[in-house]
Enquirer: 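Can you read through this structure? Questions will come right after.
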Number of protein chains: 2
Amino acid sequence: MNDVARSAGVSLKTVSRVVNGETTVAPDLAARVQAAVASLGYRQHLGASMLRRNDRRTRTIGMLLEDVSNPFSAAVHRAIENEARGRGVQVLTGSLDEDPQRERDLAAAFAERQTDGLILAPTGADLGHLAAHTAMPVVFVDRTPTGTTGDTVISTNVSGAAGAVRHLVARGHRRIAFLGDHRRLSTARDRHLGYERALGRRAGPVVHDLHDPLAAERATIALLRGPEPPTAIFAAQNTITIGVVRALRRLGRAHSVALVGFDDFPLADLLDPPVTVVAQDPARMGGAAAEALFERIAGYDGPPREIRIPTTLIPRGSGEL
Amino acid sequence: MNDVARSAGVSLKTVSRVVNGETTVAPDLAARVQAAVASLGYRQHLGASMLRRNDRRTRTIGMLLEDVSNPFSAAVHRAIENEARGRGVQVLTGSLDEDPQRERDLAAAFAERQTDGLILAPTGADLGHLAAHTAMPVVFVDRTPTGTTGDTVISTNVSGAAGAVRHLVARGHRRIAFLGDHRRLSTARDRHLGYERALGRRAGPVVHDLHDPLAAERATIALLRGPEPPTAIFAAQNTITIGVVRALRRLGRAHSVALVGFDDFPLADLLDPPVTVVAQDPARMGGAAAEALFERIAGYDGPPREIRIPTTLIPRGSGEL
DNA sequence: CTACTGCGAGACAACGTTGTCTTTCGATTT
DNA sequence: AAATCGAAAGACAACGTTGTCTCGCAGTAG
């Protein structure tokens, strides 16, 4: 910037004015400065700028999801990026792998970098530590927070799960198993609640705390080989659904045990049978979360909001046996 | 920081020393400072710190891929994050959607934020503009750059594609179609080259510039309904492979037309028939790119390196008809 | 012709931190 | 006992930028 000022024969402040598009600069001076900027390849130092400015915005937000390579998280990520794009905001990302320690550390690392806000899919651990970062608004996505409050964007987990189970009941199933994720997660609890609401006293075998396809595959095999095997399975999460598909395939029961999964996944329609799912709308969830965050960043100060994104049952075959 | 200094009864500089773990502070003073830091919830302002420091590191890198929600990109992203994690480095991300303008803009936006480096999957357009950001080393991943040079991490596209095609030839196929992405992309060109090398004058019908499943589906249908339909298809990219699968399914030819895809995708093994692919190793690619970048950031100044990550043919059924 | 107004441009300080230099003071050496 | 040394802590400036204040000058009103 010094070089630009010298080369254009003006003061530092005038360069600053031109770079920031202030109108109180004479046209000829402005043109000289522009030329110097272009020829020297000068670029603003955003860090220094934000240090001095009054608004203190870095035009950068943080995003912490379970695992950026999981299709659900990746779709949320992409939707957040799309919202940020139009506002000239960049996105810092991180995967939590269900690790509360990592959740704390990354939230702190983002706060140190003065991100303007944070979108977080909580691990389920207590989030009291977020209170330390007062200047950074936080919006929760996919799961409701524990130990703090804030705008939250979630799927209609209870009613979506209940709808899936009622779909199976309507097809005549009476013994419907539930396979779910860690109970620490609000999504797993809510989907289990929907399952229970739909079945009442007729609830079938329930297996909790499954978190990867392999565990789900083993649990499915155990259920089907056990006494009173279920005639239908409700898989409460996409990795679980995939494990169940693998198990049914291995046992040759893909066409004789019904399956409905929560959360859609790529190619579900090309499997045999095609997998019936309760689809979430991760793109809409990410978009809504980003919108809510930008409202908070802009200064909106109302009470915490809960934004519920509806799910859609997509019958494809596996749940209609 | 002022508050901490006052509360501990020391100078600003001493607080700085304690926060940065310098050893030249008396233990009792250090303890008083630590206590003040904890009770006031003080956190370093990384922007101001980096402004003053000599090394000028933000401990932040940028990453620009085609689309963070594409499984290949997402796996690369995750591997980069893993490398960054151990070094306390955060990752700014962006999707380019094959848009050169966006590539320029985001590279500039990252440079303004003083990212220590950039990992880029180029769109194929001229990258001369990167020269403006001298302080930011760039490593290319997945595709070779145009208009500039730098460390590049790519799959063995030519030999991988040739291997796929030879696999089909060995199964007796003589009329093998090639379906590929935009020729502007080095990957599409290299895979086509491998196809030609393997077939020589016997090269079959070739369709270029397909970039989504729908286009690939239409192209496949046209080929199979045309004169001299191919008996086997080599799909040079994962979204194309999926389009081909859909087309074969629609035409009822899934078991009578052979298919090998370049790049593996989730659930390929659960389709009917399971899809034979030339698997890339996106995790290793992302990891290698991040490693190379961190070496450059650390000051390594050798000539541009090309790191070639081998591909693996995974026969699953669709290519063995 | 003086006094005022308004506008463009520069001087200076400040943002939160750390590099460098200086000061203080107790301990060691001769 | 005087001189020297080293370690610990503070004073000050600087990083690159912009908010605020001031200054000079031209134009206008009285």
Side-chain angles (χ1 to χ4, degrees), chain A residues 1-34 36-37 40-60 108-116 133-136, chain B residues 1-34 36-37 40-60 108-116 133-136:
Chain A
M1 187 153 161
N2 268 308
D3 301 339
V4 172
R6 205 171 320 117
S7 150
V10 298
S11 73
L12 276 181
K13 181 68 222 200
T14 299
V15 177
S16 168
R17 281 192 256 258
V18 172
V19 168
N20 289 286
E22 291 178 33
T23 52
T24 61
V25 182
D28 58 325
L29 267 197
R32 277 220 315 275
V33 172
Q34 298 279 17
V37 165
L40 295 172
Y42 165 77
R43 298 224 129 248
Q44 244 191 74
H45 187 303
L46 227 61
S49 171
M50 102 89 155
L51 189 60
R52 186 58 178 91
R53 291 186 110 94
N54 285 333
D55 69 349
R56 289 306 181 86
R57 293 282 157 73
T58 53
R59 306 193 77 70
T60 303
F110 289 176
E112 275 189 338
R113 284 169 176 74
Q114 325 297 125
T115 56
D116 298 336
H133 316 122
T134 38
M136 183 173 72
Chain B
M1 188 155 160
N2 268 309
D3 300 340
V4 172
R6 204 171 322 117
S7 151
V10 298
S11 74
L12 275 181
K13 180 69 221 199
T14 300
V15 176
S16 168
R17 281 193 254 259
V18 173
V19 168
N20 289 286
E22 291 177 33
T23 52
T24 61
V25 182
D28 57 325
L29 266 197
R32 275 218 319 270
V33 172
Q34 297 279 20
V37 164
L40 294 173
Y42 166 78
R43 298 227 128 243
Q44 234 188 52
H45 187 302
L46 228 61
S49 171
M50 101 90 154
L51 189 59
R52 186 59 176 91
R53 291 185 110 94
N54 284 333
D55 70 349
R56 289 304 183 88
R57 294 281 156 76
T58 52
R59 306 192 77 69
T60 303
F110 289 176
E112 274 189 337
R113 284 169 176 74
Q114 327 295 126
T115 56
D116 298 336
H133 317 122
T134 38
M136 181 172 74

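Letters A, B, ... mirror the listed sequences (proteins, then strands); counts begin at 1.
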Enquirer: Nearest 0.5 Å please: distance from the CG atom of B/Asn2 over to the CG atom of B/Leu40.
Expert: 11.5 Å

Enquirer: For residues 12-21 of chain B, which residues have at least one heavy atom under 4.0 Å from DNA chain D?
Expert: B/Lys13, B/Thr14, B/Arg17

Enquirer: My understanding is that only residues two or more places apart in sequence, or in another chain, count here; which of them pass side chain to side chain contact (heavy atoms under 4.5 Å, CB included) with A/Arg57?
Expert: A/Asp55, A/Asp116, A/Ile297

Enquirer: For B/Ser49, check side chain to side chain donor-acceptor pair (under 3.5 Å) against everything at least two apart and list the hits.
Expert: B/Arg53

Enquirer: Looking at residues at least two apart in the chain, or sitting in another chain, which of them share a side chain to side chain contact (heavy atoms under 4.5 Å, CB included) with A/Asp28?
Expert: A/Ala26

Enquirer: 5'-most contact on DNA chain D: B/Arg53 or B/Val25, nearest heavy atom basis?
Expert: B/Val25

Enquirer: Measuring from B/Met136:CE to B/Arg113:CZ, what's the distance to the nearest 0.5 Å?
Expert: 12.0 Å

Enquirer: Check whether any side-chain heavy atom of B/Met50 lies under 4.5 Å from a side-chain heavy atom of B/Arg56, and answer yes or no.
Expert: yes

Enquirer: Taking side chain to side chain contact (heavy atoms under 4.5 Å, CB included) as the definition, give me every residue that meets it alongside A/Ala135, ordered by chain and number, with sequence neighbours left out.
Expert: none

Enquirer: Run the side chain to side chain contact (heavy atoms under 4.5 Å, CB included) test against A/Asn54 and tell me which residues pass, sequence neighbours left out.
Expert: none

Enquirer: Identify the 5'-most and 3'-most nucleotides of DNA chain C with at least one atom closer than 4.0 Å to a non-hydrogen atom of chain A.
Expert: C/dG8 to C/dG16

Enquirer: Please enumerate all residues that pass side chain to side chain donor-acceptor pair (under 3.5 Å) together with B/Thr14, with sequence neighbours excluded.
Expert: B/Ser11

Enquirer: Among residues at least two apart in sequence or on other chains, which ones pass side chain to side chain donor-acceptor pair (under 3.5 Å) with A/Arg32?
Expert: none

Enquirer: Check every strand shown and say whether A/Asn54 touches a base, only sugar-phosphate, or nothing at a heavy-atom separation below 4.0 Å.
Expert: sugar-phosphate

Enquirer: Taking the side chain as C-beta and beyond, is there a heavy-atom pair between A/Met1 and A/His45 under 4.5 Å?
Expert: no

Enquirer: How large an angle, rounded to 10°, do the end axes of the helix from C/dC1-D/dG30 to C/dT30-D/dA1 enclose when each is built from five base pairs?
Expert: 50°

Enquirer: Find out whether B/Val18 and B/Val37 are in side-chain contact, i.e. whether some heavy atom of one side chain is under 4.5 Å from a heavy atom of the other.
Expert: no

Enquirer: Sequence neighbours left out, what passes side chain to side chain donor-acceptor pair (under 3.5 Å) with B/Arg17? Give chain and number order.
Expert: none

Enquirer: When you measure from every atom of DNA chain C, which of residues 42-50 of chain B have a heavy atom less than 4.0 Å away?
Expert: B/Tyr42, B/Arg43, B/Gln44, B/His45, B/Ala48, B/Ser49

